[in-house]
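To start, the structure itself, in structure tokens.
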Amino acid sequence: LTLRDGKGTTASFKSPEGLAAMAWPTVVVADTGNHAVRTVDVNTGVVQTHAGSGARGSADGTTTAATFDEPAGVAVASDKLSIYVAERGGHRIRHIDADGEVTTLVGSAGGGYE
């Protein structure tokens, strides 16, 4: 499967894991296997890539210029616009602001306890 936006069954996911409600009617999904954060409009069934290029990585940047390494959990901030992302593969916590800018808050590749 590849990272494919669309409506209903025309969209594709690869191991989606975490999800959280944003401002109605939007749900945000950690698309772990596609290394992306996606949104779903629950009224229309339209799926869009919110952030991540689909390639594994750790680059900060805007929307699809940023890369993720197995995003597994998502949480929506109280403003219902910003998103926090927990990366399983990247061992990082990332933030996506309301403008789509992705930044690394904490953690680094390799992770683990020392």
Side-chain angles (χ1 to χ4, degrees):
L1 294 175
T2 60
L3 181 67
R4 188 173 61 237
D5 293 341
K7 185 174 181 177
T9 57
T10 64
S12 66
F13 289 91
K14 186 175 181 184
S15 302
E17 293 192 20
L19 59 89
M22 291 185 76
W24 181 257
T26 306
V27 174
V28 62
V29 181
D31 192 356
T32 307
N34 277 322
H35 309 289
V37 176
R38 318 280 296 284
T39 57
V40 179
D41 181 313
V42 297
N43 286 337
T44 64
V46 173
V47 177
Q48 295 181 312
T49 301
H50 187 73
S53 67
R56 177 179 279 178
S58 61
D60 289 341
T62 56
T63 59
T64 56
T67 56
F68 291 89
D69 189 351
E70 297 181 357
V74 289
V76 176
S78 60
D79 65 7
K80 296 291 185 187
L81 299 171
S82 354
I83 303 166
Y84 295 92
V85 182
E87 288 185 329
R88 179 187 317 130
H91 309 285
R92 291 182 269 282
I93 304 298
R94 314 283 295 280
H95 177 255
I96 307 169
D97 71 16
D99 296 322
E101 184 74 24
V102 178
T103 55
T104 300
L105 293 179
V106 295
S108 61
Y113 176 78
E114 293 185 33

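All values derive from a computational prediction rather than experimental measurement.
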Treating [X] as the side-chain partner and [Y] as the backbone partner, does any N or O pair qualify as donor plus acceptor under 3.5 Å?
| X | Y | value |
| --- | --- | --- |
| S53 | A55 | yes |
| H95 | Y84 | no |
| D79 | L81 | yes |

Quiz item: Are V46 and V42 connected, step by step, through hydrophobic side chains (Ile, Leu, Val, Met, Phe, Trp, Tyr) whose heavy atoms are closer than 4.5 Å?
Solution: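 Not linked; separate clusters.
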
Practice problem: Group every Ile, Leu, Val, Met, Phe, Trp and Tyr by side-chain heavy-atom contacts under 4.5 Å, then state whether V27 and W24 land in the same group. | Solution: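 They do share one cluster, since a chain of ILVMFWY contacts under 4.5 Å joins V27 to W24.
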
Quiz item: Between the side chains of D5 and T49, is a donor N or O closer than 3.5 angstrom to an acceptor N or O?
Solution: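 Short answer, yes.
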
Kindly compute the distance separating [atom1] ([X]) from [atom2] ([Y]), expressed to the nearest 0.5 Å.
| X | Y | atom1 | atom2 | answer |
| --- | --- | --- | --- | --- |
| D60 | E101 | CG | CD | 7.5 Å |
| H35 | E87 | NE2 | CD | 10.0 Å |
| E70 | R92 | CD | CZ | 11.0 Å |

Quiz item: Can you list the residues that meet the salt bridge (Lys or Arg N to Asp or Glu O under 4.0 Å) rule with D97, with sequence neighbours excluded?
Solution: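 Result, salt bridge (Lys or Arg N to Asp or Glu O under 4.0 Å) vs D97: none returned.
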
If we check side chain to side chain contact (heavy atoms under 4.5 Å, CB included) with [X], which of these qualifies: [options]?
| X | options | answer |
| --- | --- | --- |
| V85 | V102, I93, V37 | V37 |
| H50 | V74, V28, I96 | I96 |
| F13 | T32, L3, V29 | V29 |

Self-check item: Nearest heavy atoms of R38 and V47, plus distance in Å
Solution: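 Looking at all heavy atoms of both residues, the shortest contact is NH2-CG1, 3.4 Å.
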
Quiz item: What closest approach, in Å, do A30 and G73 show between heavy atoms, and which atom pair accounts for it?
Solution: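 Taking every non-hydrogen atom into account, CB-N, 4.1 Å.
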
Could you tabulate the donor-acceptor pairs under 3.5 Å formed by side-chain atoms of residues 62-69, not counting sequence neighbours?
residue: T67; atom: OG1; partner: S58; partner atom: N; Å: 3.0
residue: T67; atom: OG1; partner: A59; partner atom: N; Å: 2.8
residue: D69; atom: OD1; partner: R56; partner atom: NE; Å: 3.0

Exercise. Taking the side chain as every heavy atom from C-beta outward, state whether T26 and K80 have any atom pair closer than 4.5 Å.
Key: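 When only atoms from C-beta onward are counted, K80 and T26 do not touch, as no gap falls below 4.5 Å.
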
